[in-house]
Amino acid sequence: MAIQVDVAVLGGGPGGYTAAIRAAQLGKSVAIVEMDKLGGTCLHKGCIPSKSLLRSAEVYATLLEADKYGVDVAEGAIGLNFGNVQLRKEQTVEQLHKGLRSLMKKHGIQIIEGKGRVIGPSIFSPRSGSLAVELPDGEMESVVSTNLIIATGSRPRTLPGLEPDGEYILTSDEALVMDKLPKSIIIVGGGVIGVEWASMLQDFGVQVTLAEAGARLVPGEDVDVSAELTKILRRRGVRVLTGIQLNTDTYEQKDGEVSISAATEDGNVLLTAEKLLLSVGRQPNIEGIGLENTDIQTKNGAIAVNAFGQTSEPHIYAIGDVIGGVQLAHAAAHEGLIAAEHINGGKPEALDHHLIPRCIYSRPEIASYGYTEDRARALGHEIKTGKIPFQAIGKALVLGEAEGFVKVIADNKTNDILGVHMIGPHATDLISEASLAGLLNATPWEVGQMIHPHPTLAEALGEAMLAVDGRAIAY
């Protein structure tokens, strides 16, 4: 007998479970089909475990500089127990996993563990969109729903000639479960994931080479942020190589090391290390989920949807990484809310991608929303900017983390805030105020008029907003 529900969700990551909860709140009967663990990549192979490791690395790095804070530590008293680092990570993940399952129970959402595929018209339904689910014991289950939400996420991209083997060539999936740290590593890709791993592993004492094919690190961020990040990482000991082209035909593994040659502006170099980590983006999971049984259209390897997540079959929605675009957990969650509201007959606001905050959890952190300066100019805006270094902020000096800055970009004619870019301590926590300003269409002057408590890091944002019109007090 098929399971009948109002809404079925294929994939239990942040997009999927958020959509499921909102649909249940709206009175729908809901089932989630998840082939691995509820929480998806974010909880088990991405956001949470990586941030746990980054936190341990940050604490370790701080302890090594304890004397800077007037704290004397006996020689040899500080040690890194990477096994316990991994244990803490697993405990954090499991605590959140249990909480998530409790949320499903609270909202009456049925969890079906198994690999789901969309099927075409059948005896269960005259239209495509039902799910055939292969359960762990090999048995099959059918889930028939009025609406289907596809939220199958993404997986790490790889490079031809550098296929992951789990030992010498890794993706973030394998790196997260390493039982011991390598002495050295080559990280291929200087985007968000590569930069986070470079920062983390350098703090753990690993010799890091960060190789980026583009002209600069984190190319999606403002050029000033990229330059500051590169300077800081190099100062910390990371070997940063940009504009580099790897010759994958030269890859070798022998005597417990990997090597690969690469072309740079200054000629060919040979890179060697114990391991190589691929961080070249993520690929939507559209294969093996039965799209061929539907009229759903894809574009550039992702499912094509409208502003509310509807595919070319209006009763089937898709959200999150599987639709490409901004592959961020919080974006997927918001897309899930929109899809559920739309299924219920509501008229939700379409997601404004311009307002989605972007966060990088390196040391120092990076956060932004809106246009970079180059992008704003390219779009024809006459701009004005305000920029405040954290060195001018008392709380940053107190923390001993005064590197970086806050930069605000505004339209000189309309006074609209076009973008906010931060690199510095707790930037990922500070960006929300800037995003709210964008949502409310506030001007830099209005944000600057808000009383920011002293001493706080948030003063940097207030001062940068005032600096747009030459009114900064602290700098």
Side-chain angles (χ1 to χ4, degrees), residues 50-51 54-55 57-62 65 68-69 190-192 194-200 202-203 210 216-238 240 357-373 385-410 417-438 444 447-448 450 452-468 472-475:
S50 65
K51 295 345 167 242
L54 279 159
R55 173 58 178 158
E58 178 187 33
V59 170
Y60 182 59
T62 301
E65 297 181 336
K68 188 172 75 172
Y69 299 90
V192 174
V195 162
E196 287 186 354
W197 278 98
S199 178
M200 175 209 304
Q202 184 70 29
D203 276 345
L210 181 57
R216 59 188 178 94
L217 298 181
V218 289
E221 298 299 327
D222 191 83
V223 66
D224 288 352
V225 170
S226 294
E228 183 77 358
L229 174 67
T230 300
K231 179 181 69 177
I232 293 170
L233 288 180
R234 283 177 171 160
R235 185 186 302 148
R236 287 172 49 196
V238 177
V240 178
R358 304 178 294 272
C359 297
I360 303 175
Y361 297 83
S362 51
R363 188 171 67 89
E365 292 185 345
I366 295 169
S368 63
Y369 95 86
Y371 300 133
T372 65
E373 182 173 341
T385 65
K387 191 175 181 181
I388 294 293
F390 275 103
Q391 287 182 344
I393 304 302
K395 184 63 178 292
L397 293 172
V398 168
L399 293 174
E401 301 176 36
E403 295 175 313
F405 56 81
V406 176
K407 177 179 179 179
V408 176
I409 303 165
I417 299 172
L418 300 175
V420 177
H421 305 271
M422 306 176 178
I423 176 169
H426 297 278
T428 63
D429 299 313
L430 299 175
I431 195 62
S432 292
E433 180 187 335
S435 297
L436 179 61
V447 179
M450 175 183 151
H452 292 82
H454 175 79
T456 63
L457 296 173
E459 290 177 277
L461 179 61
E463 287 287 323
M465 291 288 180
L466 292 172
V468 168
I473 301 299
Y475 186 74

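Looking at heavy atoms from C-beta onward, E58 lies out of side-chain contact with M200 at the 4.5 angstrom threshold. Looking at M465 and V420, their side chains come closer than 4.5 Å, going by heavy atoms from C-beta outward. Using a 4.5 Å cut-off on side-chain heavy atoms (C-beta onward), V406 and I423 make no contact. Here the side chains of L233 and Q202 are not in contact, with every heavy-atom distance at 4.5 Å or above. Looking at I366 and C359, their side chains never come closer than 4.5 Å, going by heavy atoms from C-beta outward. Side-chain contact between K51 and R55: absent, with no pair of heavy atoms (C-beta onward) separated by less than 4.5 Å. Side-chain atoms of S50 and Y361, non-hydrogen and from C-beta on, never get closer than 4.5 Å to each other. For the pair S368/V225, no side-chain contact is recorded, criterion being any heavy-atom separation below 4.5 Å from C-beta on.
Across every non-hydrogen atom of A410 and P444, the tightest pair is CB-CG, 3.8 Å. Shortest non-hydrogen contact noted between L210 and A198 is CD2-CB, 4.0 Å. Nearest heavy-atom pair across A392 and A474 is CB-O, 3.8 Å. Contact record, P425 with L457: O-CD1, 3.6 Å, taken as the closest heavy-atom pair.
Remark: E433 pairs with H452 by the side-chain hydrogen bond (donor to acceptor under 3.5 Å, both in side chains) rule, at least two apart or across chains. Qualifying side-chain hydrogen bond (donor to acceptor under 3.5 Å, both in side chains) partners for D203, counting only residues two or more places apart in sequence or in other chains: R236, R363.
With respect to K407 and E373, a salt bridge is recorded, a charged nitrogen being found less than 4.0 Å from a carboxylate O. A salt bridge is defined here as a Lys NZ or Arg NE, NH1 or NH2 lying under 4.0 Å from an Asp or Glu carboxylate O, and R216 with E221 fails to meet this definition.
Rounded to the nearest 0.5 angstrom, I431 CD1 and L436 CG are separated by 11.5 Å. Going from atom OG1 of T230 over to atom CG of L217 covers 4.0 Å, rounded to the nearest 0.5 Å.
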>> Run the side-chain contact (heavy atoms from CB on, under 4.5 Å) test on F390 and L397 for me, step by step, so that the C-alpha distance in whole Å, both residues' side-chain angles and the decisive distance to 0.1 Å come before the verdict.
In response: CA-CA 8 Å; F390 275 103; L397 293 172; over 6 Å; no
>> Show, in sequence, the C-alpha distance, side-chain angles and deciding distance for I409 and I417, and conclude whether the side-chain contact (heavy atoms from CB on, under 4.5 Å) test is met.
In response: CA-CA 6 Å; I409 303 165; I417 299 172; over 6 Å; no
> Between I393 and I388, does a side-chain contact (heavy atoms from CB on, under 4.5 Å) hold up when you go through it step by step?
Replying inline: CA-CA 9 Å; I393 304 302; I388 294 293; 4.2 Å; yes
> For D224 and K387, what are the C-alpha separation, side-chain angles and deciding distance, and is it a side-chain contact (heavy atoms from CB on, under 4.5 Å)?
Replying inline: CA-CA 10 Å; D224 288 352; K387 191 175 181 181; 3.4 Å; yes
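Residue pairs meeting the side-chain hydrogen bond (donor to acceptor under 3.5 Å, both in side chains) criterion with at least one partner in residues 455-467, sequence neighbours excluded, are H454-E459.
Around the OH atom of Y475, the shell of radius 6.0 Å holds no more than 12 heavy atoms that belong to other residues, nucleotides or ligands.
In this structure, Y69 contributes its side chain and L399 its backbone to a donor-acceptor pair below 3.5 Å. For S362 (side chain) and V195 (main-chain N/O), no donor-acceptor pair under 3.5 Å exists by modelled atom type. Side-chain atoms of H421 come within 3.5 Å of backbone N or O of Y371 as a donor-acceptor pair. T385 places no side-chain N or O within 3.5 Å of a backbone atom of V408 that could act as its donor or acceptor partner.
A donor atom on one side chain and an acceptor atom on the other are found under 3.5 Å apart for E365 and T428.
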